[in-house]
Amino acid sequence: FFQAEDGIRDAQESRGLGDVYKRQLFIEGGSGCSGYSYKFQYDENLEDEDLVYEKDGQKIFAVDSTSLQLIKGAVIDYEDMMIRSAFVVNENPNADKSCSCKVSFLSLIHI
């Protein structure tokens, strides 16, 4: 599911966040060129129902239960390019179509 460990370390170091911040992914409906948009944010205050992914005892990512339905089985990666460095969702099996910027998608699932 999550292949962006180097990106997490880079993002934490460049922002001086340490280990206290959690990366959170949520899906926003009705936005983007394909219907749904992937949104990434840093948030210390996670909800009780958020699913938190951990590796080696470190909490690395959280996603809410509704968004999880739309990205289950997807691969999250970190792209470091000249114009931007960002987390992206690749290979989402629940997406019928995705825009080329990897920000929005048309879902096969209706919730």
Side-chain angles (χ1 to χ4, degrees):
F1 177 73
F2 202 80
Q3 297 184 348
E5 292 176 52
D6 290 338
I8 289 171
R9 282 190 292 276
D10 292 348
Q12 284 177 318
E13 289 173 12
S14 69
R15 290 175 176 85
L17 299 178
D19 294 332
V20 295
Y21 279 75
K22 316 300 185 283
R23 275 79 35 210
Q24 185 174 25
L25 164 63
F26 65 97
I27 305 299
E28 185 174 79
S31 63
C33 56
S34 297
Y36 288 99
S37 291
Y38 303 112
K39 301 288 183 181
F40 294 89
Q41 68 183 16
Y42 288 90
D43 194 348
E44 287 186 47
N45 304 310
L46 300 177
E47 302 296 326
D48 290 338
E49 65 272 2
D50 287 349
L51 180 62
V52 178
Y53 289 89
E54 294 186 26
K55 182 160 184 169
D56 299 326
Q58 181 184 12
K59 294 177 178 159
I60 59 169
F61 220 81
V63 63
D64 65 89
S65 59
T66 303
S67 297
L68 181 61
Q69 295 176 52
L70 296 168
I71 63 161
K72 191 171 185 176
V75 175
I76 299 173
D77 211 342
Y78 187 78
E79 292 185 351
D80 192 9
M81 300 179 294
M82 183 181 286
I83 58 171
R84 73 175 179 153
S85 297
F87 292 102
V88 294
V89 177
N90 291 316
E91 304 171 28
N92 185 350
N94 303 301
D96 184 29
K97 296 178 184 177
S98 297
C99 74
S100 61
C101 65
K102 300 180 183 179
V103 172
S104 65
F105 68 101
L106 179 63
S107 178
L108 294 169
I109 300 170
H110 300 286
I111 46 177

Audit row: Ile76, Tyr38, side chain to side chain contact (heavy atoms under 4.5 Å, CB included) steps and yes/no: CA-CA 11 Å; Ile76 299 173; Tyr38 303 112; over 6 Å; no
Checking Ser67 now: which residues fulfil side chain to side chain donor-acceptor pair (under 3.5 Å) with it, not counting sequence neighbours?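 With neighbours one apart ignored, the set is Asp64.
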Do Leu51 and Phe26 share a hydrophobic cluster (ILVMFWY, side-chain heavy atoms under 4.5 Å, transitive)?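 No.
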Among the clusters formed by ILVMFWY side chains lying less than 4.5 Å apart, do Val88 and Tyr36 turn up in the same one?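 No, separate clusters.
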State which residue, out of Leu68, Ile71, Val63, Val89, fulfils the side chain to side chain contact (heavy atoms under 4.5 Å, CB included) condition with Ile27.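 Of Leu68, Ile71, Val63, Val89, side chain to side chain contact (heavy atoms under 4.5 Å, CB included) with Ile27 is met by Ile71 alone.
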Contact between Leu70 and Ile109 at the side-chain level, heavy atoms closer than 4.5 Å - yes or no?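 Contact flag for Leu70/Ile109 side chains = yes.
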Please report the interatomic distance OG(Ser104) to CD(Glu28), rounded to the nearest 0.5 Å.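 Nearest 0.5 Å value for the OG-CD distance: 11.0 Å.
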Verify the distance criterion only: is there a donor paired with an acceptor across the side chains of Lys72 and Asn94 at less than 3.5 Å?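 The answer is no; no qualifying pair exists.
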